[in-house]
Trainee: 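After the structure tokens below, expect a handful of questions from me.
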There are 2 protein chains.
Amino acid sequence: MEKTRAVTARTSSESTRDIPEATVARLPVYLRALTTLADQGTGTCSSEELAVAAGVNSAKLRKDLSYLGSYGTRGVGYDVDYLRYQIAREIGVTQDWPVVIVGIGNLGQALANYSGFRSRGFRVVALLDADPARHDEVVAGIDVRPFDDLEQIVRDHDVAIGVIATPAVAAQDVADRMVACGITSILNFAPSVLAVPEQVDVRKVDLSIELQILAYHEQRKTQHAADPVEGASA
Amino acid sequence: MEKTRAVTARTSSESTRDIPEATVARLPVYLRALTTLADQGTGTCSSEELAVAAGVNSAKLRKDLSYLGSYGTRGVGYDVDYLRYQIAREIGVTQDWPVVIVGIGNLGQALANYSGFRSRGFRVVALLDADPARHDEVVAGIDVRPFDDLEQIVRDHDVAIGVIATPAVAAQDVADRMVACGITSILNFAPSVLAVPEQVDVRKVDLSIELQILAYHEQRKTQHAADPVEGASA
DNA sequence: TCCGTTTTGTTCTCCCGTTCACAAACTCCT
DNA sequence: AGGAGTTTGTGAACGGGAGAACAAAACGGA
Ligand SMILES: NC(=O)c1ccc[n+]([C@@H]2O[C@H](COP(=O)([O-])OP(=O)(O)OC[C@H]3O[C@@H](n4cnc5c(N)ncnc54)[C@H](O)[C@@H]3O)[C@@H](O)[C@H]2O)c1
Ligand SMILES: NC(=O)c1ccc[n+]([C@@H]2O[C@H](COP(=O)([O-])OP(=O)(O)OC[C@H]3O[C@@H](n4cnc5c(N)ncnc54)[C@H](O)[C@@H]3O)[C@@H](O)[C@H]2O)c1
């Protein structure tokens, strides 16, 4: 039961692995859509249903899932719970990842209070801040500790993922310290370009950029509405 | 001074417009890098310097800028202030865009308190929440007002951009109301897929997804470290 | 004024991702 | 058991973006 796999013509050493980056970015979306379906009591769904729930094209969904393996049944669809588990396993969120948050200001506090992390495979094990005035505080039931405790905490909890929510000027320093402690994945909220070693992954979330992209399109909409022809003079 | 432009063979009606989406997403990054350079007193920079500051390939940078026009000088580079203005104009952030934030919980408050929006072309004109208990509060010097005031506020301030920071279950309702009021760009922080009319732009920021993408790569790193060969049996 | 140097703007090629379209595979009904 | 209907998994065509590489243009020095 699994057949010869009929690999097209890839390097052949790898079995099924090496999922395209674009697909990896969508797997969490599918996971969330499946969870919603499961909560609604849906036991089975077609690629079309799941695609609608995830907001993507069904052909793309099927191709994405095909990178994981053949978890559907032709003529029937996908078992919601089974597929959900397979995707969670592929992403690596079947058990919790310990995470540290550095910079417990406006944003850091919001992140610490966010319950969605825990339910999606992450556990905040420490909140760190360089400002001694913050070290008395307890946010979301967790003590805010000195930034210098980073190494100790990373070692104790085997932390691989760090979140940076400090001002931009401090971000590179924080990243350097994180890397030195052995953290290999960083989620950066500060609006700065981080320089890190090859093997360290950095993802950046920049709200101003998102708004500016919207502004660009917004401007074009109103321009189009105003300019009847465009490019008249000359 | 501008020459015949020598357009390759495009549709000819549009002058220089229609910037690729990937380029649009990078323009704000260049803008930020230029601002940093300007603050450091740099008057002129080469594509290589700017590319390093923005964290991209210099060929890509030059190609991106070429969509806007010829704002550089061969043999010299780009005038920082001039290029900065041109990009800001292209994005549409030479004057402020009014923005409303809906859902003033943990995240909404952090956003309201964030000073970076104002300095990058956006002005928060109202904070809205459905919970009457919040209506007494003042966050970042702005009154929290009932969600039903949305239409009035959008009309008064000519708001085109809305931010959703409510729980996921409320997000679609909020989006529908925003669209009904005439908002045509939405930044959504709730982990839900929004259905909106064609002409409305939606951008989604999902922190759990970002972490899950990091987790995927993290898992692969540790797997590779563990598996000496991979794919042994059979 | 002319030549070498620097750096831009652009062309060309390659690769990744999206989408179409269809054969294979499974279920259900007769 | 067999055929009709459904839905998956994937081959193939297509489009867009990334990067290398180079010609055109500007500057500076002699
Ligand atoms: N608040 C938002 O909604 C928002 C939105 C977009 C981007 N951001 C970005 O997120 C980051 C944080 O924003 P914020 O509003 O929470 O800022 P904030 O000033 O409220 O908080 C920053 C915190 O980082 C701490 N800090 C400073 N230097 C540090 C260091 N070297 N090590 C450890 N901690 C340090 C400070 O003590 C402070 O508590 C900023 O870079 C900001 O640009 C925030
Ligand atoms: N806090 C975070 O760091 C974080 C991180 C990732 C994602 N998110 C997402 O952002 C959203 C907000 O998160 P939060 O932590 O601020 O939640 P929260 O519960 O603290 O705040 C939500 C706010 O929305 C208001 N609200 C509810 N229904 C509304 C409606 N119909 N109209 C207007 N307002 C309404 C509530 O009164 C509340 O004030 C959630 O969808 C969450 O999943 C938050």
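Throughout, protein chains are lettered first and strands after them, A, B, ... in sequence-line order, and every chain is numbered starting at 1. What you are looking at is a predicted structure, and each value in this text was computed from that prediction instead of being measured. Atoms considered below: every heavy atom in the structure, side chains included; atoms not considered: hydrogens, waters and symmetry mates.
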Trainee: I want to verify a distance call: between dT10(C), dT10(D), dA26(D), whose nearest atom is closest to the Ser66(B) side chain?
Mentor: dT10(C)
Trainee: Going by atom types only, do Glu218(A) and Thr184(B) share a side-chain donor-acceptor pair under 3.5 Å?
Mentor: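 A pair is found: one side chain offers a donor N or O, the other an acceptor, under 3.5 Å apart.
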Trainee: When we call it a touch if two heavy atoms are under 4.0 Å apart, what does Glu21(B) touch: a base, just sugar-phosphate, or nothing?
Mentor: sugar-phosphate
Trainee: Are OP1 or OP2 of dG9(C) and a side-chain N or O of Tyr78(B) less than 4.0 angstrom apart?
Mentor: yes
Trainee: Which whole-number value in Å describes the distance from Arg62(B) CZ to dT11(C) C1'?
Mentor: 13 Å
Trainee: Does any N or O donor sit under 3.5 Å from an N or O acceptor when you compare the side chain of Lys63(A) with the base of dT19(C)?
Mentor: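 Under the 3.5 Å cut-off, the side chain and the base do form a donor-acceptor pair.
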Trainee: So which nucleotide from dA23(C), dA21(D), dA18(D) ends up closest to the side chain of Lys60(B)?
Mentor: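 Looking only at side-chain atoms, Lys60(B) lies closest to dA18(D).
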Trainee: Output yes when at least one side-chain N/O atom of Ser70(B) is less than 4.0 Å from OP1 or OP2 of dG9(C), else no.
Mentor: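 Checking dG9(C) against Ser70(B), a side-chain N or O does come within under 4.0 Å of OP1 or OP2.
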Trainee: Between P on dT8(C) and CG on Leu65(B), what's the gap in Å once rounded to a whole number?
Mentor: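 The distance from CG of Leu65(B) to P of dT8(C) comes to 9 Å, rounded to the nearest Å.
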Trainee: Do Glu21(A) and His217(B) get their side chains close enough for a donor-acceptor pair, meaning under 3.5 Å?
Mentor: yes
Trainee: Just to verify, which of Ile161(B), Val163(B), Ile183(B) counts as forming a side-chain contact (heavy atoms from CB on, under 4.5 Å) with Val100(B)?
Mentor: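 Passing option: Ile183(B).
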Trainee: Given dC22(D), dT19(C), dC27(D), identify the nucleotide with an atom nearest to the side chain of Asn57(A).
Mentor: dT19(C)
Trainee: Using atom CG of Leu61(A) as one end and atom C1' of dT8(D) as the other, report the distance to the nearest whole Å.
Mentor: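 After rounding, the reported distance stands at 11 Å.
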Trainee: Taking CD1 from Ile19(A) and P from dG17(C), how many angstroms apart are they, rounded to a whole number?
Mentor: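 Rounded to the whole Å, the gap is 12 Å.
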Trainee: Kindly determine whether Trp97(A) and Leu214(B) satisfy side-chain contact (heavy atoms from CB on, under 4.5 Å), including the steps that lead there.
Mentor: CA-CA 10 Å; Trp97(A) 290 88; Leu214(B) 287 176; over 6 Å; no
Trainee: Taking only residues at least two apart or on different chains, which pairs with a member in residues 175-189 of chain A satisfy salt bridge (Lys or Arg N to Asp or Glu O under 4.0 Å)?
Mentor: Asp148(A)-Arg177(A)
Trainee: Does Gln212(A) use its side chain to pair, donor to acceptor, with the backbone of Arg120(B) at less than 3.5 Å?
Mentor: yes
Trainee: For Leu27(A) and dG17(C), give me the distance from atom CG to atom P, rounded to whole Å.
Mentor: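 About 13 Å, once rounded to whole Å.
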Trainee: If you check the Arg74(A) side chain, which of dG9(C), dA24(C), dT27(C) turns out closest?
Mentor: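 Output: dA24(C).
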Trainee: Is it the case that Thr23(A) and Asp64(A) place a side-chain donor and acceptor less than 3.5 Å from each other?
Mentor: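 Asp64(A) and Thr23(A) do have a side-chain donor-acceptor pair below 3.5 Å.
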Trainee: Between the side chain of Lys221(A) and the main-chain N/O of Gln199(B), is any donor-acceptor distance below 3.5 Å?
Mentor: yes
Trainee: Let me have DNA chain D in dot-bracket notation, would you? Count Watson-Crick plus G-U wobble pairs, both distances under 3.5 Å, and use [ ] for pairs crossing earlier ones and | for inter-strand partners.
Mentor: ||||||||||||||||||||||||||||||
Trainee: Output the rounded distance in Å from CG (Asp64(A)) to P (dT10(D)).
Mentor: 13 Å
Trainee: Please tell me if the side chains of Val193(A) and Val52(B) come closer than 4.5 Å, counting only heavy atoms from C-beta onward.
Mentor: no
Trainee: Listed in order of residue number, which residues of residues 35-47 of chain A have a non-hydrogen atom at under 4.0 Å from DNA chain C?
Mentor: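 Per residue number, the list is empty: none.
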Trainee: Rounded to the nearest angstrom, tell me the gap between atom CG in Leu68(B) and atom P in dT8(C).
Mentor: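 From Leu68(B) CG to dT8(C) P: 14 Å.
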Trainee: Looking at dT18(C), I'd like to know if its phosphate oxygens (OP1 or OP2) sit under 4.0 Å from a side-chain N or O belonging to Arg26(A).
Mentor: yes
Trainee: Tell me the closest heavy-atom pair linking Thr166(A) and Ala190(A), and the distance in Å.
Mentor: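 Heavy-atom minimum between the residues: O-CB, 3.5 Å.
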Trainee: Among dC26(C), dG17(C), dG9(C), find the nucleotide with the atom closest to the side chain of Pro20(A).
Mentor: dG17(C)
Trainee: Rounded to whole angstrom units, what separation is found between the CG atom of Leu50(B) and the C1' atom of dT6(C)?
Mentor: 17 Å
